[in-house]
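A quick write-up on the structure given underneath.
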Amino acid sequence: MRKYMRLHWQTTEKSKRVGILLHMTRKKINVLGMEFDYYNAYDLMKALRGKINRGKKTFLVTANPEIVMYARKDEEYREILKDADYVIADGTGVILGSKMLGTPLPERVAGYDLMCSLLEAGSREGWSAYFLGAKKEVVEKAVDTVHVKYKGLKVAGYHDGYFKNSDAIVAEIKAAKPDLIFVAVGFPRQEKWIYEHMGEFEKGLFIGVGGSFDVLAGTVKRAPELWQRVHAEWLYRLLQEPKRWKRMLVLPQFVVEVAKARVLRKK
């Protein structure tokens, strides 16, 4: 019996050390100076589920080419992203860029899809969530959708994205202690808000989700699966919202910069 207990303790300690080592040596892929975590959607959800159930405070960023290019010119924002626990590739351009550089990421993990996966997991496991961002009527519709589709999830609270002072919002989140905190106020504001206030909370997965509340609420349509499969979701969004054309100009700039980096790597 003692031998078994000693072996069990040794095995447990070894497993802990291996787990810590794997965490410390987590594979990263550099795309234009940004370090992306090497995760597919399944493995990412597995890792996040473990952190949430252990009450570990976590900051996750889903980065697309716009965010990569913005971080290259904004040092403050770049340092904030370096402080994130996870930086995940959200954007076909990032996946393409990693392939061009000879260090391919496994797959795109779209921020909206990740949010829905977390809500689904939360419904099964009895988690709670706070929703911050979008217009008042949009976030209210999004929360209504959550009540209908994810019945096992507790809505810890919500607030629209039109605020100047965060004190009341921070106090509400601190009191509710949600497992999930979705911040949908657009980059770079959402990541800056998380970075500024995360230290005031005990627990929770903090993630910026951009315009995801609009899709969840049904006020903006997600691209059909066919468009997603042919990596043209960006074009569908542009056709829906022509005013986004200036933002889309960053995509060819991103490809040019990746091509330059590829040439430099070959030298």
Side-chain angles (χ1 to χ4, degrees), residues 45 47-63 67 74 76-88 111-112 114-217 219:
M45 275 301 300
L48 295 179
R49 187 180 292 109
K51 283 184 174 290
I52 293 166
N53 285 332
R54 293 195 304 273
K56 297 283 288 183
K57 196 159 49 173
T58 307
F59 176 19
L60 186 147
V61 175
T62 58
I67 288 177
D74 189 300
E76 179 192 4
Y77 188 60
R78 185 165 63 248
E79 291 303 312
I80 287 173
L81 298 194
K82 284 181 181 179
D83 200 60
D85 297 289
Y86 295 90
V87 177
I88 302 300
Y112 178 76
L114 179 58
M115 181 183 73
C116 290
S117 294
L118 288 165
L119 292 173
E120 186 177 338
S123 181
R124 290 195 306 269
E125 308 213 17
W127 296 341
S128 60
Y130 191 94
F131 301 83
L132 174 61
K135 295 178 181 178
K136 186 175 185 291
E137 60 271 23
V138 171
V139 69
E140 287 175 348
K141 284 183 180 178
V143 167
D144 288 343
T145 300
V146 169
H147 283 307
V148 172
K149 290 186 68 175
Y150 308 102
K151 296 182 184 297
L153 182 89
K154 178 184 176 183
V155 175
Y158 62 89
H159 196 287
D160 64 70
Y162 295 83
F163 58 90
K164 291 183 179 180
N165 188 296
S166 300
D167 291 350
I169 296 168
V170 169
E172 187 177 8
I173 295 173
K174 285 176 73 173
K177 298 180 182 178
D179 299 293
L180 305 168
I181 301 89
F182 298 107
V183 185
V185 294
F187 87 91
R189 186 185 172 204
Q190 59 194 20
E191 287 78 28
K192 289 183 177 181
W193 190 92
I194 293 171
Y195 180 79
E196 181 180 348
H197 297 288
M198 193 172 165
E200 302 179 59
F201 308 116
E202 292 181 21
K203 55 178 276 191
L205 169 63
F206 295 77
I207 173 173
V209 293
S212 293
F213 291 179
D214 293 276
V215 181
L216 190 61
T219 55

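Reckoned from all heavy atoms, side chains included, excluding hydrogens, waters and symmetry mates.
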With rounding to the nearest 0.5 angstrom, report the [atom1] to [atom2] distance, [X] to [Y].
X	Y	atom1	atom2	result
L153	R124	CG	CZ	11.5 Å
I67	T62	CD1	OG1	6.0 Å
K149	C116	NZ	SG	6.0 Å

Kindly write out the residues that satisfy side-chain hydrogen bond (donor to acceptor under 3.5 Å, both in side chains) with E196, not counting sequence neighbours, or none if the list is empty. none
Does [X] reach the side chain of [Y], with side-chain heavy atoms less than 4.5 Å apart?
X	Y	answer
V143	F213	no
W127	R49	yes
L119	M115	yes
L60	L48	yes

Would you mind writing out the side-chain donor-acceptor pairs for residues 178-192 within the sub-3.5 Å range, not counting sequence neighbours?
from: D179; atom 1: OD1; to: K203; atom 2: NZ; distance (Å): 2.9
from: D179; atom 1: OD2; to: S128; atom 2: N; distance (Å): 2.9
from: D179; atom 1: OD2; to: S128; atom 2: OG; distance (Å): 3.4
from: R189; atom 1: NH1; to: G161; atom 2: O; distance (Å): 2.9
from: R189; atom 1: NH2; to: G161; atom 2: O; distance (Å): 3.2
from: R189; atom 1: NH2; to: F163; atom 2: O; distance (Å): 3.2
from: Q190; atom 1: OE1; to: V185; atom 2: N; distance (Å): 3.4
from: Q190; atom 1: OE1; to: G186; atom 2: N; distance (Å): 3.0
from: Q190; atom 1: OE1; to: G210; atom 2: N; distance (Å): 3.1
from: E191; atom 1: OE1; to: Y77; atom 2: OH; distance (Å): 3.0

Passes side-chain contact (heavy atoms from CB on, under 4.5 Å), L216 versus K141? Steps please. CA-CA 8 Å; L216 190 61; K141 284 183 180 178; over 6 Å; no
Might you point out which heavy atoms bring [X] and [Y] nearest each other, and give the distance in Å?
X	Y	answer
I194	G208	CD1-N, 3.8 Å
A217	A142	CB-N, 3.7 Å
E125	N53	OE1-ND2, 2.9 Å

Is it true that a side-chain atom of [X] and a backbone atom of [Y] form a donor plus acceptor pair closer than 3.5 Å?
X	Y	answer
K51	L205	no
K57	M198	yes
D160	K135	no

Would you tabulate the side-chain donor-acceptor contacts of residues 164-174 under 3.5 Å, counting partners in other chains and residues two or more places apart, or write 'none'?
from: N165; atom 1: OD1; to: D167; atom 2: N; distance (Å): 2.7
from: S166; atom 1: OG; to: W193; atom 2: NE1; distance (Å): 2.9
from: E172; atom 1: OE1; to: Y130; atom 2: OH; distance (Å): 2.9

Atom OH of residue position Y195 - does it have more than 12 heavy atoms of other residues, nucleotides or ligands inside 6.0 Å? no
Would you sort out whether F59 and I80 count as a side-chain contact (heavy atoms from CB on, under 4.5 Å), showing the intermediate values? CA-CA 10 Å; F59 176 19; I80 287 173; 4.1 Å; yes
